[in-house]
> 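What follows is a single structure, and I will ask about it in a moment.
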Number of protein chains: 2
Amino acid sequence: MLDNLRGMAVFASVVNHGSFSGSARELGITTSAVSQQIRSLENDLGVVLLHRSTRKLSLTEAGAGFYEAAKDVVDAAEQGRMRVNQLRDELAGSLRIATTPELSVNHILPALSTWLTAHDDLAVHFLADNHYIDMIDERVDIAIRMSPSIVDSKMSSHALAEVKQVLVASPEYLQQHDKIETPKDLSKHELIGIELVKDPNVLEMVCRESGKKTKVKCNTRIQTNNVFVATALAKSGHGLVRMISLDIQKELDSGELVEVLPEYQLPDYVLYAVTLDREQQPAKITRCLEVLKEYFENYSK
Amino acid sequence: MLDNLRGMAVFASVVNHGSFSGSARELGITTSAVSQQIRSLENDLGVVLLHRSTRKLSLTEAGAGFYEAAKDVVDAAEQGRMRVNQLRDELAGSLRIATTPELSVNHILPALSTWLTAHDDLAVHFLADNHYIDMIDERVDIAIRMSPSIVDSKMSSHALAEVKQVLVASPEYLQQHDKIETPKDLSKHELIGIELVKDPNVLEMVCRESGKKTKVKCNTRIQTNNVFVATALAKSGHGLVRMISLDIQKELDSGELVEVLPEYQLPDYVLYAVTLDREQQPAKITRCLEVLKEYFENYSK
DNA sequence: AAGCATTACGGCGTACGTAATGATT
DNA sequence: AATCATTACGTACGCCGTAATGCTT
């Protein structure tokens with residue numbers, strides 16, 4: 001199966017050129033090498049492929065038959081090489097990006113929007129899911145994740161942005177419940193839990209002035225795995241919710257939700273783009289990462 | 001163009017088996033070798049072809065594209081190998097035989113007749129021509145020739161039969177002309193010349209009893225390059241004609257022509273089958289030679 | 001523990017180039 | 001004489017096997 005593929009390519013070249021020396025020039029080897037390849041091939045096949053009369057080459061019947069196949073071999077090899085080059089260098093083929101639905105809608109899509117329209121050879125697949133997904137199984141090129149995240153040894157992370165966590169609630173909720181002036185006050189409040197974080201009902205808060213840390217445990221009666229749901233719950237006044245500022249910016253701007261205890265801060269998250277390999281990435285992946293980085297750099301200014 | 005064809009075959013095998021070790025078993029090499037081939041291929045292409053997670057292999061997009069081509073490569077190679085084997089081992093394809101028209105009609109066709117009908121995958125081409133032909137240019141597999149014949153260094157001869165030359169004439173001619181009792185008497189006779197021999201009008205005769213050689217020069221008014229024409233001329237009583245006994249046997253048997261000076265003999269010819277190479281001949285060629293030899297062995301008994 | 005892939009290392013073989021030879025125009 | 005193919009020979013690189021290592025089930 002592995003036998004003499006090289007010889008076949010040489011043979012095809014020889015037939016194309018009608019001479020050993022012409023072939024040798026094309027292949028960048030000597031006529032000697034060509035001659036040896038052909039001889040070896042003929043010995044291997046147990047048949048004479050071409051009659052050689054110094055000035056003229058002439059295929060035998062077996063040679064003619066074999067040439068068809070040899071041509072197919074080099075054509076296929078050529079095509080494979082071209083295809084790979086295309087997928088490596090051009091913004092073509094498919095690009096699969098995994099995020100949470102919220103990040104996707106709020107940030108990744110906006111970040112990539114213009115880039116995507118500029119490269120319509122690119123078939124982009126957004127896998128928006130809250131479950132952990134296997135990047136290899138799902139053929140994910142880029143996964144957008146929050147730290148701390150499980151990062152395989154074979155993966156590499158690209159920090160995109162520092163993301164603030166904020167504690168928010170609707171103005172109505174704050175009016176109707178006990179006033180919140182220190183972290184301690186939180187323990188009497190209802191925290192809408194988001195299953196995606198490890199300790200849904202524990203808040204670590206740091207005072208911006210003193211740097212003093214406080215851990216508060218809240219009640220978490222209502223839980224969800226979906227940020228949209230959590231937002232809706234918060235807006236309806238069902239409680240406090242802890243959220244990535246990116247996900248809630250719109251509601252803060254409109255006043256639908258307001259920050260609670262702004263003088264205390266929750267631990268930051270880092271938004272990462274995770275890829276499988278650092279080296280030898282197709283251009284579309286590295287370009288996409290660049291676009292994302294640029295977007296989030298401008299965003300945080 | 002010659003790069004990594006081996007690697008492509010290995011890659012195709014790996015993808016087919018879904019594992020390095022499975023591929024290694026098929027290819028009869030170690031997993032180490034497989035791993036190195038794939039790595040070399042990936043480095044060469046500048047792209048990751050498959051993600052490996054110990055238990056599971058998974059193609060990248062580029063890998064999937066490249067696999068299509070790699071499969072084509074091995075398929076084409078396989079097919080070429082099969083085709084060559086077929087043309088080498090089976091009695092199929094074409095077989096080109098060059099003879100003179102006379103030999104063809106009188107002997108080669110009868111000799112091969114049953115063999116040909118037994119192998120109908122064989123497309124036989126008879127090149128019946130009196131001109132010298134280039135075996136390579138005309139793709140002749142077997143040429144039937146008389147000695148002494150121009151034999152290239154690359155050709156090899158296979159003696160088929162000793163062929164007697166006989167001097168014949170029609171009974172009517174002999175009656176109407178001077179009686180022929182010794183070679184000397186021939187000088188007054190008309191010899192129909194056949195251009196195919198070197199000295200058409202010179203006869204070298206050896207007495208069967210004494211072994212004495214005589215050279216006689218005859219008149220040659222009528223010449224032809226065609227044995228059929230010469231035979232017809234002889235039958236019409238236009239003169240003596242010197243011929244290969246094979247070509248004239250029928251007329252001798254029927255009495256249309258009779259031998260002149262049977263106690264003297266002309267130099268023998270040897271009927272040869274000439275092929276281009278002795279080694280690595282397709283089966284159909286060697287088989288055909290065997291059939292011919294057998295035929296002429298039985299014939300001379 | 002077993003099966004699998006990767007890596008380093010070293011040996012062997014193959015593919016190549018050089019140079020000389022032979023063949024053909 | 002010039003161009004081309006073949007061959008012998010020496011060399012160097014490539015390919016592969018061994019063995020050790022790491023990873024996964």
Side-chain angles (χ1 to χ4, degrees), chain A residues 1-11 13-15 17-44 48-60 63 134-137 150-155 276-277 279-280, chain B residues 1-11 13-15 17-44 48-60 63 134-137 150-155 276-277 279-280:
Chain A
M1 176 167 172
L2 307 175
D3 320 292
N4 259 324
L5 286 170
R6 197 179 181 80
M8 287 187 79
V10 174
F11 175 66
S13 162
V14 165
V15 177
H17 286 80
S19 82
F20 281 41
S21 43
S23 161
R25 277 189 290 271
E26 184 202 28
L27 300 176
I29 58 180
T30 60
T31 62
S32 168
V34 174
S35 175
Q36 293 171 64
Q37 287 289 344
I38 300 298
R39 182 151 47 96
S40 150
L41 194 59
E42 287 182 330
N43 285 335
D44 223 54
V48 177
L49 293 174
L50 32 82
H51 292 298
R52 352 222 206 296
S53 40
T54 306
R55 284 286 162 188
K56 207 168 18 177
L57 293 181
S58 156
L59 284 170
T60 64
D134 184 309
M135 289 189 66
I136 290 178
D137 286 349
I150 306 126
V151 172
D152 202 288
S153 63
K154 287 172 184 171
M155 301 177 184
L276 273 175
D277 293 274
E279 312 295 337
Q280 297 187 335
Chain B
M1 176 169 173
L2 307 177
D3 320 294
N4 260 325
L5 286 170
R6 194 181 183 81
M8 288 186 79
V10 173
F11 175 66
S13 163
V14 166
V15 176
H17 286 80
S19 83
F20 280 40
S21 42
S23 161
R25 276 189 292 272
E26 183 203 29
L27 300 176
I29 58 181
T30 60
T31 60
S32 169
V34 174
S35 174
Q36 292 172 64
Q37 286 289 342
I38 301 298
R39 181 153 46 98
S40 150
L41 194 59
E42 287 181 330
N43 285 335
D44 222 54
V48 177
L49 293 174
L50 32 83
H51 293 300
R52 350 219 204 298
S53 40
T54 305
R55 283 285 162 189
K56 208 168 19 176
L57 293 181
S58 156
L59 284 170
T60 63
D134 185 309
M135 291 189 64
I136 291 178
D137 286 350
I150 307 126
V151 172
D152 203 286
S153 64
K154 286 172 185 170
M155 303 175 182
L276 272 175
D277 293 273
E279 312 295 338
Q280 295 188 336

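Just so it is clear: chains get the letters A, B, ... in the order the sequence lines come, proteins before strands, and each one is counted from 1. As the structure is a prediction and not an experimental result, all values here were calculated from the model. Just so you know, these numbers use all the heavy atoms, side chains as well, and skip hydrogens, waters and symmetry mates.
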> Does OP1 or OP2 of C:dT7 have a side-chain N or O of B:Arg39 closer than 4.0 Å?
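Answer yes for this pair, as a side-chain N or O of B:Arg39 is under 4.0 Å from OP1 or OP2.
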> Please find the pair of heavy atoms, one from A:Ile136 and one from B:His51, that lie closest to each other, and give the distance.
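So the two residues come closest at CD1-CB, 3.8 Å.
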> Verify the distance criterion only: is there a donor paired with an acceptor across the side chains of A:Ser40 and A:Gln36 at less than 3.5 Å?
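Judged by distance alone, the side chains do not pair up.
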> Round to the nearest Å and state the distance from A:Phe20 atom CZ to C:dG17 atom P.
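A:Phe20 atom CZ is separated from C:dG17 atom P by 15 Å.
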> What distance do B:Leu59 atom CG and B:Leu49 atom CG have between them, rounded to the nearest 0.5 Å?
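It comes to 8.0 Å.
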> Within this structure, what is the CG-CZ distance for the pair B:Leu5 and A:Arg6, rounded to the nearest 0.5 Å?
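Reported to 0.5 Å precision, the distance equals 8.0 Å.
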> When you measure from the side-chain N and O atoms of A:Arg52 to the phosphate of D:dT6, is any distance below 4.0 Å, counting only OP1 and OP2?
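The answer is yes; a side-chain N or O of A:Arg52 sits under 4.0 Å from OP1 or OP2.
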> Answer with base, sugar-phosphate or nothing: what part of the nucleic acid does B:Ser19 contact at a heavy-atom distance below 4.0 Å?
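Answer is sugar-phosphate: B:Ser19 comes under 4.0 Å of backbone atoms only.
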> At under 4.0 Å between heavy atoms, what does A:Thr31 touch on the DNA or RNA strands: base, sugar-phosphate, or nothing?
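The residue A:Thr31 makes base contact.
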> Whether B:Ser35 contacts C:dA5 is assessed here as follows: a side-chain N or O lying under 4.0 Å from the phosphate OP1 or OP2. Is that the case?
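It does not, given that no N or O in the side chain of B:Ser35 lies less than 4.0 Å from OP1 or OP2 of C:dA5.
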> What's A:Ser32 touching, base or sugar-phosphate or nothing? Going by heavy atoms closer than 4.0 Å.
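Result for A:Ser32 = base.
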> Between D:dA5 atom P and A:Phe11 atom CZ, what is the distance in whole Å?
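Interatomic distance, CZ of A:Phe11 to P of D:dA5: 14 Å.
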> NA contact type, B:Gln36, heavy-atom cut-off 4.0 Å: base, sugar-phosphate, or nothing?
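Base, at least one base heavy atom under 4.0 Å.
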> Using whole Å, report how far CD1 of B:Ile38 lies from C1' of C:dC4.
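These atoms are roughly 15 Å apart.
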> Do any side-chain nitrogens or oxygens of B:Ser21 fall under 4.0 Å of OP1 or OP2 in C:dA5?
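Yes.
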> Can you figure out which of C:dC16, D:dC16, D:dA5 approaches the side chain of B:Arg6 most closely?
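From the listed options, D:dC16 comes nearest.
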